[in-house]
Protein chains: 2
Amino acid sequence: MSTDTQSSTSEKLAVLGCGLIGQSWAALFLSYGHDVSAWDPDPKARAALAAGVQHPLAQLAELGEGAERAGQLTICDTLEEAVAGAVLIQENASENVPLKQKLYASIEALVSPDAMIASSTSSLTWSMLSEGMINKERLLTAHPFNPPHLMPLVELYGPSPAIVDRAAALYGSMGRVCVRLRKDAVGHIANRLSSALWREAVNIVAEGIADVAEVDAALVHGPGLRWSVIGSHMAYHLGGGAGGIGHYLAHLGPSQERRWATLGTPSLTPEVCAQLVAGIQEEAAGRDIPQLEAERDSRLIAMLRARDAFAAP
Amino acid sequence: MSTDTQSSTSEKLAVLGCGLIGQSWAALFLSYGHDVSAWDPDPKARAALAAGVQHPLAQLAELGEGAERAGQLTICDTLEEAVAGAVLIQENASENVPLKQKLYASIEALVSPDAMIASSTSSLTWSMLSEGMINKERLLTAHPFNPPHLMPLVELYGPSPAIVDRAAALYGSMGRVCVRLRKDAVGHIANRLSSALWREAVNIVAEGIADVAEVDAALVHGPGLRWSVIGSHMAYHLGGGAGGIGHYLAHLGPSQERRWATLGTPSLTPEVCAQLVAGIQEEAAGRDIPQLEAERDSRLIAMLRARDAFAAP
């Protein structure tokens, strides 16, 4: 983990792909004073970007983060224009290996040897994406967590520690917390953990132990809240009493393994899917998705502000 | 989920078992103005209780929760004295079925028909514990999440909705968020979710994908933070775009099932345990357990305050 908070000088950063993730990255980069040049193969997506960054920019302003003066957003008609002179190219294309590989080949023909390409991919790995590149080391996976302008986490993997250092310093200077993988893995860390937890959350509903809304409430007011301040491993360390994790593993390791064996392996059958959909409908209680997102974000902003207060020296 | 915030009148509550969980419950009950009568078979534990409640009481005062006037703590020499006149008996004995069953038999001979017995058990179920009771319905499991005076979650299960309602109203009046199970399950909800997540957290370390500290940081700055404001099911609803969870399940359900199949089933071998212990040592970076707990608690208090602000109407 690195939280490099030293202010960096303004640099030109490129954003490729102007969907929600691209908009979010662009807003973050701009708010920290970087000039952003953006491109998307779809002219409609390009045209929507200027409006699309406004909401995340306003949320970042509400958080009180960023530089005194926002950077300049340039929406480019060509890839060439977007990547010219960029120190980092944040790629947010569809999760399609040949498409991304073709894009990287085009970029490599256009940029200086030290320009970094950072893929926001959530489901693909560095090994899949780097195949066929001239300079593989310039590629790294830099997976943000949704919504990226608010969530601090960026998961990094690349084979060159020096290049990962450079990227981590840049993201860190924008309030991101970078976590580094030792080797690439589908789902990086965070989505593997999310997926593992959701499997059991689905199982609890499928088994009739509790409803969707109750499972979500248990998470939010229990482990989720605690995991917003300490990690899972550390929680077991503190659950081990004075002997910590060593004591826990020696005395309760076997019972934890038995617990693991009793966890569910549900299938997303039509019946289970119907239960989940009905359960969410009950939990949402008439709130539509934009309203639920707005509530999530205002709560996240409140939590991030509370963190800033305790993180201060 | 119920959050009954109406102020209740002061009642006599009994706390049986004066270890950490008992101390935490006692402090919570006292801070909300209830008189607490406490007993433990171990005279040393009884003697330590008056001092033991001071730290959680101070933390609750820091949170600004509770009644204007704290209740009265009475440390009793006998079980009979402790349970006499109590509307709720919070049982925090060791996780031992025959011991708890014997305790309930003693309590049933002493109390009025409508006194509730609430077990803090984390690993046992209502079905195991209620066997042999005269009035099974008076027993419920009421599992708090550690540290109980700070964490809002209480997981409730009992066969009588009316009795669970009464308990939920009482806990709810003390700032707890009660979640109800439809049927009893080992690990209730929260510990099942925690266990499922930790299994993958251990797997990521065992597979060499990332170190303990990196896994914990990814959780705290990613999914953990998000789960402190929205649940796992709701996160997939919001991850489904305009079509919500229905769209997500239809389009990404199969890939989620494939992801589940790739998650790990690690064993806590001596090698893996050594990796975890070394990883925690690195993450703790010289901080001992009391220091780590103090940091956890001050961060939790900051997060709880931020929540109170956004929960306000």
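Naming: A, B, ... by sequence-line order, numbering from 1 per chain.
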* Would a 4.5 Å heavy-atom cut-off, applied to side chains only, mark B:Val179 and B:Leu156 as touching? -> no
When B:Phe145, B:Trp198, B:Trp227 are each screened for ring pair (Phe, Tyr, Trp, His ring centres under 6.0 Å) with A:Trp227, the one that passes is B:Trp227
Side chains of A:Leu268 and B:Trp260 in contact at under 4.5 Å (non-hydrogen atoms)
yes
Practice prompt. Answer with yes or no whether the side chains of B:Glu283 and A:His233 bring together a donor and an acceptor at under 3.5 Å.
Written response: no
The interface call for B:Pro144 against chain A, heavy-atom contacts under 4.5 Å, is neither
Nearest heavy-atom approach of B:Gln23 to B:Ala48 is NE2-O, 4.5 Å
From the list A:Gly253, A:Gly208, A:Ala190, A:Ala302, the residue making the most non-hydrogen contacts under 4.5 Å with chain B is A:Gly208
Okay, B:Arg305 and chain A: the region with an atom under 4.5 Å from a heavy atom over there is neither
Pair count under 4.5 Å, heavy atoms only, with chain B: among A:Thr265, A:Leu276, A:Leu20, A:Leu150, highest is A:Leu276
Check your understanding: So do B:Met151 and B:Asn146 actually touch side chain to side chain, heavy atoms under 4.5 Å?
Key -> no
Determine whether A:His188 and A:Arg192 make a side-chain contact, defined as any pair of heavy atoms from C-beta on separated by less than 4.5 Å.
no
Looking only at A:Cys273, A:Ala185, A:Gly279, the option with the highest number of non-hydrogen pairs under 4.5 Å against chain B is A:Cys273
Answer key: most heavy-atom pairs under 4.5 Å with chain B among A:Asp288, A:Thr262, A:Asp211 is A:Asp211
Of B:Arg259, B:Glu293, B:Glu155, B:Gln281, the largest count of non-hydrogen pairs under 4.5 angstrom with chain A goes to B:Arg259
Okay, B:Tyr157 and chain A: the region with an atom under 4.5 Å from a heavy atom over there is neither
Turns out that what part of B:Ile301 lies under 4.5 Å from chain A's heavy atoms comes down to neither
Ranked by heavy-atom pairs below 4.5 Å to chain B, first place among A:Leu300, A:Leu219, A:Asn191, A:Ile230 goes to A:Leu219
If one checks every heavy atom of A:Pro266 against chain B at 4.5 Å, the contacting part turns out to be both
Heaviest contributor of heavy-atom pairs below 4.5 Å to chain A, chosen from B:Ser298, B:Ala196, B:Ala210, B:Gly222, is B:Gly222
Interface check, chain A: of B:Val272, B:Val154, B:Ile245, B:Leu238, most non-hydrogen pairs under 4.5 Å belong to B:Leu238
Okay, B:Val205 and chain A: the region with an atom under 4.5 Å from a heavy atom over there is side chain
Any A:Pro152 side-chain heavy atom under 4.5 Å of A:Leu304 side chain
yes
Whatever's closer than 4.5 Å to a heavy atom in chain A on B:Leu249 counts as side chain
So, the part of B:Ala235 with a heavy atom under 4.5 Å from chain A: the answer is neither
In terms of heavy-atom contacts, B:Ser228 and A:Met303 come closest through OG-CE, 3.6 Å
Intermediate values then yes/no, side-chain contact (heavy atoms from CB on, under 4.5 Å), B:Leu292 and B:Arg296
CA-CA 6 Å; B:Leu292 291 163; B:Arg296 176 196 64 193; over 6 Å; no
Whatever's closer than 4.5 Å to a heavy atom in chain A on B:Asp184 counts as neither
Scored by heavy-atom pairs under 4.5 Å with chain A, the best of B:Leu181, B:Ile189, B:Asn203, B:Val186 is B:Ile189
Looking only at B:Ile289, B:Val277, B:Ile209, most heavy-atom pairs under 4.5 Å shared with chain A are made by B:Ile209
Within a 6.0 Å radius of atom CZ on B:Arg182, are there more than 12 heavy atoms belonging to other residues, nucleotides or ligands? no
Are A:His143 and A:Thr121 packed together at the side-chain level, in the sense that at least one heavy-atom pair is separated by less than 4.5 angstrom?
no
Honestly, the part of B:Leu263 sitting under 4.5 Å from a heavy atom of chain A is both
Turns out that what part of B:Ser255 lies under 4.5 Å from chain A's heavy atoms comes down to neither
From the list A:Arg199, A:Gln256, A:Lys183, the residue making the most non-hydrogen contacts under 4.5 Å with chain B is A:Arg199
- prompt: Tell me, do A:Leu225 and B:Arg307 make a side-chain contact under 4.5 Å, heavy atoms counted?
  reply: yes
